[in-house]
Amino acid sequence: MNEYMLIFRNEKAHDELKPTAEQMGALMKEWQIWISTIAKQGNYSGTNRLLPQGKTIRPGNVISDGPFLEAKEMLGGYVIVKTASLDEATDIAKACPNLLYGGNVEVRPVMNIDSDPTSATFLDPVN
């Protein structure tokens, strides 16, 4: 099985488009059902939501508040799935609740790297 990251992007929300508590609860329920379905099928590897706060560091140590202020889209989070192929991961992404609200899902293969940064494999992956 290979790992694929499903990356969720949405247009930056305008203040007047804030969902009600009831709408937010329904949306969260859709995400929970979708992710639990992935887990029940044995394809779930992990997930996290990304909050809008942050810093962006550019060459010359230029630091700005917030990630990608000039972009129209905002990265909201990701799920990592385990599947046999990119096509299978794409099929999983087709059911993502983010698509119901005008967002998009990018599907990318994940290259595994030795998790021990002091290992010879991590320092010299060719040898």
Side-chain angles (χ1 to χ4, degrees):
M1 291 278 217
N2 300 309
E3 288 189 327
Y4 297 87
M5 181 178 281
L6 312 181
I7 304 165
F8 314 123
R9 288 196 175 87
N10 295 80
E11 296 242 349
K12 288 186 179 178
H14 300 288
D15 289 337
E16 65 269 11
L17 299 177
K18 299 246 184 217
T20 65
E22 185 176 288
Q23 291 168 325
M24 192 58 136
L27 178 59
M28 292 307 297
K29 185 70 174 169
E30 288 180 40
W31 280 94
Q32 291 167 339
I33 290 168
W34 180 65
I35 292 171
S36 68
T37 300
I38 294 169
K40 288 175 186 171
Q41 294 169 342
N43 298 109
Y44 178 80
S45 188
T47 188
N48 280 300
R49 180 174 179 214
L50 300 174
L51 298 174
Q53 307 88 325
K55 303 264 185 197
T56 299
I57 303 161
R58 291 184 171 74
N61 284 331
V62 175
I63 300 171
S64 60
D65 288 332
F68 310 111
L69 289 175
E70 69 280 354
K72 292 188 309 182
E73 290 183 323
M74 178 176 188
L75 184 62
Y78 63 89
V79 167
I80 297 176
V81 297
K82 298 177 282 192
T83 65
S85 69
L86 178 60
D87 289 338
E88 188 178 340
T90 302
D91 285 341
I92 290 171
K94 288 178 184 176
C96 179
N98 202 43
L99 299 171
L100 300 173
Y101 302 96
N104 64 66
V105 182
E106 180 180 341
V107 182
R108 302 275 302 268
V110 175
M111 182 178 87
N112 291 322
I113 298 175
D114 190 316
S115 60
D116 180 1
T118 62
S119 75
T121 305
F122 185 89
L123 297 173
D124 188 6
V126 178
N127 294 321

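Quick note: residue numbers are just sequence positions, from 1. Reckoned from all heavy atoms, side chains included, excluding hydrogens, waters and symmetry mates. It should be emphasised that the depicted structure is a prediction, and the values quoted were computed from it without experimental measurement.
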Rounded to the nearest 0.5 Å, what's the gap from [atom1] on [X] to [atom2] on [Y]? Could you check?
{"X": "T37", "Y": "Q32", "atom1": "OG1", "atom2": "CD", "value": "11.5 Å"}
{"X": "T90", "Y": "L86", "atom1": "OG1", "atom2": "CG", "value": "4.0 Å"}
{"X": "Q41", "Y": "E88", "atom1": "CD", "atom2": "CD", "value": "9.0 Å"}

Kindly indicate whether the side chain of [X], heavy atoms from C-beta on, has any atom under 4.5 Å from the side chain of [Y].
{"X": "V79", "Y": "I35", "value": "yes"}
{"X": "N43", "Y": "M1", "value": "yes"}
{"X": "I57", "Y": "V62", "value": "no"}

ILVMFWY network linking [X] to [Y], side-chain heavy atoms under 4.5 angstrom:
{"X": "V105", "Y": "L50", "result": "no"}
{"X": "M111", "Y": "L6", "result": "no"}
{"X": "L100", "Y": "V107", "result": "yes"}
{"X": "I92", "Y": "M5", "result": "no"}

Verify, without hydrogens or angle tests, whether [X] (side chain) and [Y] (backbone) share a donor-acceptor contact under 3.5 angstrom.
{"X": "T47", "Y": "Y78", "answer": "yes"}
{"X": "Y4", "Y": "R108", "answer": "no"}
{"X": "E30", "Y": "L27", "answer": "no"}

Over all atoms of both residues, closest heavy-atom pair of [X] and [Y]:
{"X": "C96", "Y": "W31", "result": "SG-CH2, 3.5 Å"}
{"X": "K82", "Y": "S45", "result": "CG-CB, 3.9 Å"}
{"X": "K94", "Y": "L99", "result": "O-CD1, 3.5 Å"}
{"X": "V81", "Y": "A89", "result": "CG2-CB, 4.1 Å"}

Between N98 and N104, is any side-chain donor less than 3.5 angstrom from a side-chain acceptor?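 No, N104 and N98 have no side-chain donor paired with an acceptor closer than 3.5 Å.
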
Could you tell me whether the side chains of N10 and Y101 share a donor-acceptor contact shorter than 3.5 Å?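 Short answer, no.
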
Between Y44 and I80, is a side-chain contact (heavy atoms from CB on, under 4.5 Å) present by the stated rule, with each step listed? CA-CA 7 Å; Y44 178 80; I80 297 176; over 6 Å; no

